[in-house]
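Structure, as structure tokens:
All ligand and atom numbering here is 1-based and tracks the order in the structure.
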Amino acid sequence: LIKAGRVLDVKAGKYLLDYGIITEGEKISQIGPWAQIKSHAPPDAVLTDLSQATLLPGLIDCHAHLLSSGQIHRDSAGNSAISLVRASESARALMGARHAREELEAGITSARILGHSGIDSDISLRDAINGGWLVGPRLQVSVRKIASLGATTPPFIEHLNPEEIRLVSGPEDARRAFRENLAAGADVIKIVVDGGKGDNGLARYMAVEDARAIVDDAHRVGLKVAAHAEDQVAVQIAIDAGVDSIEHAWSVTDEQLTKMKDRGIFLCATDLLVPVSPKDRLERALKVGVKIAVGSDMWIAWAGKTRGEASLLVLDVLKKEGMSNLEILRGSTIVAAELMGWSDRVGELRPGKFADIIGVTGDPIEDLSVLQRVQFVMKGAVLIKNSLVGN
Ligand SMILES: [Zn+2]
């Protein structure tokens with residue numbers, strides 16, 4: 001039995017004052033005005049008094065790399081370069097365990113891991129969390145990224161285990177790569193449509209036939225496809241292939257945004273680590289009505305911050321790019337849950353959904369920065385942390 005000062009209804013975009021929540025097992029069984037909920041609580045219910053807090057659904061990171069940790073190096077002139085230290089599979093898994101706990105403690109209760117997980121360490125991490133060995137968010141994992149033969153993205157590709165990106169050429173090979181990931185246990189498929197440029201400056205796009213083959217096979221078994229696509233050609237390939245989300249989409253056109261809306265393709269906004277230009281794309285996307293899900297794309301070690309704290313820095317960047325606080329909150333909860341195909345279980349505080357609840361002091365609709373200091377975290381009705389005054 002939780003007594004809440006107020007609960008954020010992310011769908012309605014308003015607060016419900018003096019509310020109560022009853023959990024049963026891992027789920028929310030009832031939520032409503034405190035007087036009513038109190039009278040429904042079983043006599044042995046344990047009361048958690050959060051009457052000074054604002055509660056909201058646990059946050060969702062739609063683009064995480066929990067098994068990756070890049071380092072930023074600076075030369076004497078102050079130029080920075082990022083490299084990824086090549087790590088063994090076992091080291092990757094342990095790194096993932098640490099980052100998963102840090103994400104959860106920061107208030108991120110669900111996440112999609114979209115590559116850079118070694119070969120299949122994301123599977124081990126997901127299963128360890130689900131099995132109760134570790135604490136971490138609910139995860140959907142992609143296993144290996146699938147990219148075109150010759151891809152040079154990311155720029156530190158030479159520092160990676162060459163096996164952690166599956167390079168394909170032709171629809172048959174693309175289908176084979178999909179089936180390998182499916183057999184390994186993938187929950188979501190990640191394709192890289194623009195795989196960078198080689199020394200000759202020519203782009204290494206995935207062919208639309210290859211992307212479509214993967215999407216067709218994935219959709220047949222109910223898996224979604226997330227496409228890394230930065231430039232307009234890549235975005236068009238992703239749209240034509242029928243992917244479910246386009247990650248980044250830095251230079252998407254209005255015409256492409258309209259197609260994304262018509263086809264229900266989400267834009268996963270990951271604007272923290274890459275300076276975005278032009279800066280108005282999120283405002284244009286909102287105007288068109290494209291659903292925007294929030295993703296951190298956090299894959300580097302951020303000095304002085306846990307992985308979870310670093311991941312949440314993206315929220316402030318999205319605000320600077322013109323999203324309202326409420327749109328960012330929705331993109332991190334209800335819209336993100338829809339992208340994951342998990343609307344039936346997370347993203348809102350409603351009966352029948354997992355009791356994934358976070359608490360803050362203050363008003364996140366007015367001041368998004370309170371999410372940098374999440375004080376109460378519950379996942380599946382299990383208390384992860386509570387540093388609210390009086391507890
Ligand atoms: Zn990424």
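Between Ser148 and Arg204, the side chains place no donor N or O within less than 3.5 Å of an acceptor N or O (distance only, hydrogens not considered). Between the side chains of Gln256 and Gln236, a donor-acceptor pair is found at a separation under 3.5 Å.
Ile108 contributes atom CD1, which lies 4.5 Å from atom OG of Ser311 (distance to the nearest 0.5 angstrom).
When rounded to 10 degrees, the angle formed at the Zn ion (ligand 1) by NE2 (His65) and NE2 (His63) equals 100°.
Taking backbone and side chain together, His248 holds no N, O or S atom under 2.8 Å from the Zn ion (ligand 1). Asp297 lies close to the Zn ion (ligand 1), since one of its N, O or S atoms is found at a distance under 2.8 Å. Among the backbone and side-chain atoms of His116, no N/O/S atom is found under 2.8 Å from the Zn ion (ligand 1).
Under the 4.5 Å side-chain contact rule for hydrophobic residues, Ile292 and Leu339 share a cluster.
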